[in-house]
Protein chains: 2
Amino acid sequence: MEKIEIILSQETKSNLKKFKKGETIQFPKSTNTHAFYIKKGLARSFIIDGTGKEHIYMFAPEGWIIGDIEAIGYDQATELFIDCLEDSEVIIFNKDGLFNERLDQKQLIENVSLLTRRVGRLQRRVLMLMGSPAADRYKYFLEIYPDLINRVPQKMIASYLGIAPQTLSTIRSQMARP
Amino acid sequence: MEKIEIILSQETKSNLKKFKKGETIQFPKSTNTHAFYIKKGLARSFIIDGTGKEHIYMFAPEGWIIGDIEAIGYDQATELFIDCLEDSEVIIFNKDGLFNERLDQKQLIENVSLLTRRVGRLQRRVLMLMGSPAADRYKYFLEIYPDLINRVPQKMIASYLGIAPQTLSTIRSQMARP
DNA sequence: TCTATGCATTCATCTAGATGAAGAAATGAT
DNA sequence: ATCATTTCTTCATCTAGATGAATGCATAGA
């Protein structure tokens, strides 16, 4: 959940792929899950729950990494869809890009730092989901991700916040004029 | 959110402290935030929201690390309380224990791995909070943390799940005889 | 042992946010 | 430019879960 700098080795650089807006990068149930560095464009990850509803887990604009870290960390099949909201260039890498014996100290420190900040963002997200009303969560979203507001449709922001699109619409009109 | 093995250097080993049940390890507003390795006992972290309500962010039984990773990662003052639910032995360390130039490759790989699994658990938590009803969240809690059920009062489990204690009580009685 | 304080259960009521429907506005394709 | 599709807004209604109160159970301290 944080703009990061990753040190890409030559071998990972070769795994660059292009995707059109709307194309899906990863479907659920796939094993040997990958992570994706968004070089250009915008992607999102989401689940479809038992009642068929979409829930957006995160957005990834250029410079971010997106992937099912749960599946990667625990060697499970992924449940996340990942697709592109804009035409995108994506570098695909696997668990080894995060930690293996060939990575040097500098790269590892960078990765620890990246993951620490991501845990921090997730901590905030959990606390907000539990303790704050929808209007406050939206205001926090505006602070943290000001660039996304004009790139992502409102119904997707609502999905990210865990509320219905109608509720977000109401919140916005209440914020505009009281 | 995962039982982990950390490689404790000699210098961190000296920072062992003992706390009685009910004692607070960390108050909000403190800067230069630390992380805490629970060697023995049980701790929890929580916030108090704008309306005075407690929300438990996580539990840490022996072998776990607990701390305000958001505050550590972004050099902010912490908002989290951390206190002990049992008499505990705690090793206190700071950001440097996670990543600095003196840590060797093996330790760093261990830390990346630890953080990856914690991100995984948090991912699951976020997805559950957004997409699953309270009863399902409780069932998942029982699966993942079976040891905590007998060590933590129900009202705290409810707080962790983001529901009222009465709601958890109702869910439990419905699960018992449907 | 008795008493107190906190914990769990059950019920009756309330509310934030969900759902559904219908029109207006925006976006996209031909 | 025109038509079709998707998105946004507004309203009326519904529901999962919150809140508050009453009762019975524990655990803790003297």
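In what follows, chains are A, B, ... by sequence order, proteins preceding strands, each numbered from 1.
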Do Q166(A) and dG20(C) have a side chain to base donor-acceptor pair shorter than 3.5 Å? yes
Just the rounded figure in Å: distance from [atom2] of [N] to [atom1] of [X].
| X | N | atom1 | atom2 | result |
| --- | --- | --- | --- | --- |
| M175(A) | dT9(D) | CE | P | 12 Å |
| K155(A) | dC8(D) | NZ | C1' | 11 Å |
| I171(B) | dT10(C) | CD1 | P | 13 Å |
| Y138(B) | dG17(D) | OH | P | 15 Å |
| R172(B) | dC7(C) | CZ | P | 15 Å |
| Q174(A) | dA16(C) | CD | C1' | 11 Å |
| R137(A) | dG17(C) | CZ | C1' | 10 Å |
| Q154(A) | dT10(D) | CD | C1' | 14 Å |

Would R151(A) count as a cation-pi partner of Y145(A), with NZ or CZ less than 6.0 Å from the six-membered ring centre and within 45° of the ring normal? no
Aromatic Y74(A) / basic R121(B) pairing, under 6.0 angstrom, 45° off normal: yes
Parallel, tilted or perpendicular for F81(A) and F27(A), by the 30°/60° rule? perpendicular
Just checking [X]: base, sugar-phosphate only, or nothing, at a heavy-atom cut-off of under 4.0 Å?
| X | result |
| --- | --- |
| P133(A) | sugar-phosphate |
| A134(B) | sugar-phosphate |
| K53(A) | sugar-phosphate |

Does a side-chain N or O from K21(A) land closer than 4.0 Å to OP1 or OP2 of dG28(C), or not? yes
If you compare every side-chain N and O of S169(A) against the phosphate oxygens of dT9(D) (OP1, OP2), does one of them come in below 4.0 Å? yes
More 5' along DNA chain C: T167(A) or T170(B), using each one's nearest nucleotide? T170(B)
Please step through side chain to side chain contact (heavy atoms under 4.5 Å, CB included) for the pair R44(A) and D83(A), ending with a clear verdict. CA-CA 6 Å; R44(A) 64 163 177 162; D83(A) 65 9; 2.8 Å; yes
Distance flag, aromatic centroids of Y57(A) and F46(A), threshold under 6.0 Å: no
I163(A) side chain: which of dT9(D), dA18(C), dA8(C) is closest? dA18(C)
